[in-house]
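Have a look at the structure below before the remarks.
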Amino acid sequence: MSEVFNSYEVEFEKYQQQVCSLIRQIQINKSDEALTEIESVFSDLQNCLQQMDIESASIAVSDRQELKNKVKRYKSETEALKKQFRILQDEVSSQKTKDSLFGEQDNQQVQFINTQDKLVKQTLQLEDAKKVCFEIESISNNIQVQLKGQSDILDRNINKMPEIQYDLGESNSRLSRIQSKMRQHKVIFLVVFAIFLTSISIVLVYKYA
């Protein structure tokens, strides 16, 4: 079998795989770049078929029919791929037309949806702000209640100050009287003790005189 034919066959299979890959890519994302690229690959694929056709006609008769059958099969596969490609081209073109006709309407719908999303977000933010305000107000009320309680306690303590001062005055007065009596008792004790010592001294003097 011709080595030249084999080399064209290898190239053909490579281009065929590229076409299949690009067709799958177009089916997924409708890429314009893939459409342009696949046309170029089809051109290379067609060139390989022509070269294989020429090469099959120039080899020995014993191998010619086998190669011609291969070329025929490759041409049939290529036509099937082209048919699938044309269907995809029509689908992409139809989709572009629909997008062009309804693009403005879609844009308006998108803008409407975006506006609704913004309103929902703003509403949620307002609700959060209200919650924060209510929490702050509650904390403020609690602080006011605590301050009022502390103020009442302070007022009661201030009102009790005269009584405390009076009690302190009474205590000081009683303490002064006690201290005064203690001094008096001390003086009396000292006087009695001095008399006692004097009496003992007199007795001792008379006894030993």
Side-chain angles (χ1 to χ4, degrees), residues 1-140:
M1 188 176 292
S2 171
E3 291 183 2
V4 176
F5 185 90
N6 287 341
S7 65
Y8 287 130
E9 195 174 19
V10 171
E11 287 188 8
F12 175 83
E13 291 177 354
K14 181 184 71 173
Y15 292 134
Q16 192 179 47
Q17 290 176 359
Q18 288 182 4
V19 169
C20 291
S21 176
L22 290 169
I23 285 175
R24 287 193 295 271
Q25 184 177 342
I26 294 170
Q27 288 173 335
I28 294 172
N29 55 26
K30 314 297 182 185
S31 170
D32 289 336
E33 295 179 357
L35 286 172
T36 303
E37 185 177 355
I38 201 171
E39 290 178 352
S40 175
V41 178
F42 266 127
S43 177
D44 294 332
L45 198 62
Q46 193 64 40
N47 184 49
C48 278
L49 285 173
Q50 291 175 358
Q51 294 299 325
M52 283 191 289
D53 202 5
I54 294 171
E55 185 64 24
S56 65
S58 64
I59 63 173
V61 177
S62 58
D63 295 329
R64 187 177 301 170
Q65 189 58 42
E66 180 184 356
L67 297 184
K68 282 188 174 294
N69 288 338
K70 278 191 174 183
V71 172
K72 184 177 180 181
R73 178 164 58 84
Y74 290 152
K75 285 182 178 179
S76 177
E77 291 175 358
T78 302
E79 286 301 319
L81 289 173
K82 285 184 177 180
K83 183 176 180 181
Q84 188 176 0
F85 172 62
R86 284 193 290 271
I87 292 173
L88 285 175
Q89 273 186 317
D90 292 340
E91 289 179 357
V92 172
S93 177
S94 176
Q95 186 63 43
K96 284 183 177 180
T97 301
K98 289 180 181 179
D99 292 342
S100 176
L101 290 174
F102 298 103
E104 184 175 352
Q105 181 179 355
D106 291 341
N107 288 335
Q108 290 177 350
Q109 290 178 347
V110 170
Q111 291 178 356
F112 178 73
I113 292 172
N114 290 337
T115 301
Q116 283 186 321
D117 289 341
K118 289 181 180 178
L119 289 174
V120 170
K121 289 180 180 178
Q122 290 176 352
T123 302
L124 292 175
Q125 290 174 351
L126 287 174
E127 291 296 326
D128 290 340
K130 286 182 180 179
K131 290 180 180 178
V132 172
C133 289
F134 288 144
E135 290 176 358
I136 292 174
E137 184 177 2
S138 177
I139 293 171
S140 176

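Here CD of E3 is found 13.0 Å from CD of E9. Values are rounded to the nearest 0.5 Å. In this structure, L81 CG and R86 CZ are separated by 10.5 Å, a value rounded to the nearest 0.5 Å.
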Ignoring hydrogens and angles, write down the donor-acceptor pairs under 3.5 Å from the side chains of residues 42-49, residues two or more places apart or on other chains.
{"residue": "Q46", "atom": "OE1", "partner": "K82", "partner atom": "NZ", "Å": "3.0"}

Would you list the atom pairs, donor with acceptor, under 3.5 Å between side chains in residues 18-29 and any protein atom, with sequence neighbours excluded?
{"residue": "N29", "atom": "OD1", "partner": "S31", "partner atom": "N", "Å": "3.2"}

* To do: Run the numbers on F5 and I59 for side chain to side chain contact (heavy atoms under 4.5 Å, CB included), then give the verdict.
  => CA-CA 10 Å; F5 185 90; I59 63 173; over 6 Å; no
* Before giving the answer on side chain to side chain contact (heavy atoms under 4.5 Å, CB included), spell out for F12 and E77 the whole-Å C-alpha distance, their side-chain angles and the decisive distance to 0.1 Å. => CA-CA 11 Å; F12 175 83; E77 291 175 358; 4.3 Å; yes
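No more than 12 heavy-atom neighbours from other residues, nucleotides or ligands sit within 6.0 angstrom of NZ on K72. Other residues, nucleotides and ligands contribute more than 12 heavy atoms inside 6.0 Å of the CD atom of E39.
With sequence neighbours excluded, no residue forms a ring pair (Phe, Tyr, Trp, His ring centres under 6.0 Å) with Y8.
Across every non-hydrogen atom of I38 and L35, the tightest pair is CG2-O, 3.1 Å.
Side-chain N or O atoms of S56 include one that pairs as donor or acceptor with a backbone N or O of M52 at under 3.5 Å.
Checked by atom type, the side-chain pair Y74/Q16 shows no donor-acceptor distance below 3.5 Å.
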